[in-house]
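When reading the values below, keep in mind they use all heavy atoms of this one structure, side chains included, and skip hydrogens, waters and symmetry mates.
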Amino acid sequence: MSNTATLEPSILSIDGTQITYHDSQDSRGHDDVLVLLHGTGGSTTSHFGFLFPILSSKQRVVSIDMAYPAHRGNLELEDLVAQVAGAIAGILPGRKVVLLGYSLGAVVTASLAARHPELVKRLVLVAGWMKTDLQQQLRNDVWLDLRRSGSQAIRAYSTFCAFGGPFLAEKTMGEIQAGMDLMSFDGFGDSQMDLNRRIDIVADAHRIKAPTLVIGCTHDQMVPVRHQKALFGAIEDSRFAEIPTGHAVVFERPSELCHHIQRFMDAPEEHPAGTVIATPRP
């Protein structure tokens with residue numbers, strides 16, 4: 001069972017928007033606080049159900065759930081950056097944090113690190129990207145057509161895109177059906193998918209000064225690994241690790257992902273800028 005299931009979520013109001021967050025509170029003797037931000041259509045519970053209990057056993061972890069802005073207009077990246085910046089300042093006033101973003105969360109946190117360096121001590125970008133390309137737009141087009149039509153095939157298509165080929169090849173339909181049945185779709189998720197089509201943080205990425213760990217996923221079909229390599233090249237003080245999974249690395253290999261994150265928490269200077277970190281072996 002996830003630790004998130006035993007924590008009472010807290011609510012914070014940011015410019016009229018109610019933000020839910022989870023806070024493990026116990027520092028475990030670690031000087032740094034790790035802040036997590038989920039990806040498209042996700043939440044702390046759905047994306048970090050494995051990571052939260054593992055990481056919070058080593059340090060204080062705060063996980064923020066993005067929300068539809070109170071103004072209810074078109075969702076823009078600036079809305080989410082402002083939410084997360086406000087949440088960090090409200091929950092952890094006066095502190096710099098280690099900020100981790102996954103998928104769309106990586107886009108938001110990268111932009112935040114560039115625009116609010118006073119909030120970010122170090123940065124971890126998992127399966128992120130700088131600028132949406134045609135391959136991503138075409139996948140988004142198919143998803144949107146399935147969503148508009150109400151087709152249940154959107155569940156199979158989302159699963160096909162999210163998980164790596166080698167992972168799915170070892171599974172049966174019975175093993176993944178429960179996860180497909182649990183998928184939910186709503187207006188906020190639709191707005192995030194629309195935002196995904198319009199991402200361009202190239203200028204922001206080049207302004208990031210915080211030491212950064214970029215984590216790519218070898219078999220990612222949603223955000224191919226070339227995007228993470230581009231982030232690695234754009235951010236001056238960055239190092240790169242690659243995990244042999246699809247986009248859903250938080251489900252496929254959470255332990256390996258936690259290994260890289262925790263090493264960066266405990267020994268941030270272990271790998272100098274420009275390092276390609278070797279894959280850990282059993």
Side-chain angles (χ1 to χ4, degrees), residues 32 34-40 64 66 74-89 95-137 139-140 192-218 220 222-243 247 249 257 260-261 263-265 267-277:
D32 293 323
L34 176 62
V35 175
L36 309 178
L37 190 66
H38 61 81
T40 301
I64 299 166
M66 294 182 283
N74 289 335
L75 181 66
E76 300 296 341
L77 180 60
E78 290 74 14
D79 296 322
L80 301 179
V81 170
Q83 274 184 27
V84 179
I88 293 171
R95 293 203 63 163
K96 279 193 168 188
V97 304
V98 181
L99 185 58
L100 180 150
Y102 166 59
S103 189
L104 176 60
V107 174
V108 176
T109 54
S111 185
L112 188 154
R115 302 178 192 190
H116 297 281
E118 74 281 0
L119 297 176
V120 182
K121 185 175 183 180
R122 297 192 298 282
L123 183 64
V124 183
L125 303 177
V126 182
W129 76 104
M130 286 193 294
K131 185 174 182 177
T132 304
D133 63 20
L134 180 59
Q135 180 182 1
Q136 292 171 294
Q137 290 173 347
R139 183 192 66 81
N140 196 299
Q192 292 171 71
M193 287 295 287
D194 175 69
L195 174 60
N196 287 343
R197 302 180 62 87
R198 299 179 277 113
I199 295 300
D200 185 349
I201 60 163
V202 173
D204 280 349
H206 282 88
R207 290 202 300 268
I208 294 171
K209 300 301 181 185
T212 302
L213 172 62
V214 178
I215 299 177
C217 303
T218 307
D220 194 336
M222 287 186 168
V223 187
V225 70
R226 65 177 176 274
H227 287 282
Q228 291 95 62
K229 291 178 179 178
L231 279 167
F232 175 45
I235 300 171
E236 182 178 0
D237 188 357
S238 66
R239 59 280 302 136
F240 177 78
E242 186 168 333
I243 301 176
H247 192 72
V249 60
L257 179 57
H260 287 296
I261 297 167
R263 288 303 302 165
F264 195 54
M265 292 296 297
E269 297 177 358
E270 178 180 14
H271 300 291
T275 299
V276 175
I277 301 169

Closest approach of [X] and [Y], non-hydrogen atoms and distance?
X: Leu104; Y: Leu80; value: CD2-CD1, 4.3 Å
X: His247; Y: Asp220; value: ND1-OD2, 2.7 Å
X: Asp79; Y: Asn74; value: OD2-O, 3.7 Å
X: Ala127; Y: Cys217; value: CB-SG, 4.2 Å
X: Ser238; Y: Val214; value: CB-CG2, 4.3 Å
X: Gln228; Y: Gly128; value: NE2-O, 3.0 Å

*How far apart are the C-alpha atoms of Val97 and Lys121, what are their side-chain angles, what is the distance that settles it, and do they pass the side chain to side chain contact (heavy atoms under 4.5 Å, CB included) test?*
CA-CA 5 Å; Val97 304; Lys121 185 175 183 180; over 6 Å; no

*Where do Ile243 and Thr218 land on the side chain to side chain contact (heavy atoms under 4.5 Å, CB included) test, with the steps shown first?*
CA-CA 6 Å; Ile243 301 176; Thr218 307; over 6 Å; no

Gap separating the [atom1] atom of [X] from the [atom2] atom of [Y], nearest 0.5 angstrom:
X: Leu195; Y: Leu77; atom1: CG; atom2: CG; result: 6.0 Å
X: Gln136; Y: Ile199; atom1: CD; atom2: CD1; result: 9.5 Å
X: Ile208; Y: Ile235; atom1: CD1; atom2: CD1; result: 4.0 Å
X: Gln83; Y: Leu112; atom1: CD; atom2: CG; result: 11.5 Å
X: Met66; Y: Leu37; atom1: CE; atom2: CG; result: 4.5 Å
X: Ile201; Y: Trp129; atom1: CD1; atom2: CH2; result: 8.5 Å

Can you tell if the side chain of [X] reaches within under 4.5 Å of the side chain of [Y], non-hydrogen atoms only?
X: Pro224; Y: Gln135; result: yes
X: Thr132; Y: Asp200; result: no
X: Met265; Y: Leu34; result: yes
X: Ile277; Y: His260; result: yes
X: His116; Y: Val81; result: yes
X: Glu78; Y: Arg115; result: yes
X: Arg122; Y: Pro211; result: yes

[X] side-chain N/O to [Y] backbone N/O, donor-acceptor pair under 3.5 Å:
X: Ser111; Y: Val107; answer: no
X: Thr275; Y: Pro272; answer: yes
X: His227; Y: Met130; answer: no

*What about Phe240 and His271, are their ring centers closer than 6.0 Å?*
no

*Do Asp194 and Arg197 sit within salt-bridge range, that is, some charged N less than 4.0 Å from a carboxylate O?*
no

*Could you give me the CA-CA distance, side-chain angles and deciding distance for Leu257 and Ile215, then say whether side chain to side chain contact (heavy atoms under 4.5 Å, CB included) is met?*
CA-CA 8 Å; Leu257 179 57; Ile215 299 177; 3.6 Å; yes

*Hey, does the Lys NZ or Arg CZ of Arg239 hover above the aromatic six-ring of Phe232, less than 6.0 Å from the centre and inside 45° of the axis?*
no

*Can a donor-acceptor pair be found between the side chains of Gln137 and Arg198 at a distance below 3.5 Å?*
no

_Quick one about Asn196 and Thr40 (side-chain donor to acceptor, distance below 3.5 Å, no hydrogens or angles considered), yes or no?_
yes

_Quick one, Leu125 with Leu213, criterion side chain to side chain contact (heavy atoms under 4.5 Å, CB included). Give me CA distance, side-chain angles, the key distance, then yes/no._
CA-CA 6 Å; Leu125 303 177; Leu213 172 62; over 6 Å; no

_Could you go through Lys96 and Glu118, starting from their C-alpha distance and side-chain angles, then the distance that decides it, and tell me whether this counts as salt bridge (charged side-chain N to carboxylate O under 4.0 Å, His left out)?_
CA-CA 7 Å; Lys96 279 193 168 188; Glu118 74 281 0; over 6 Å; no

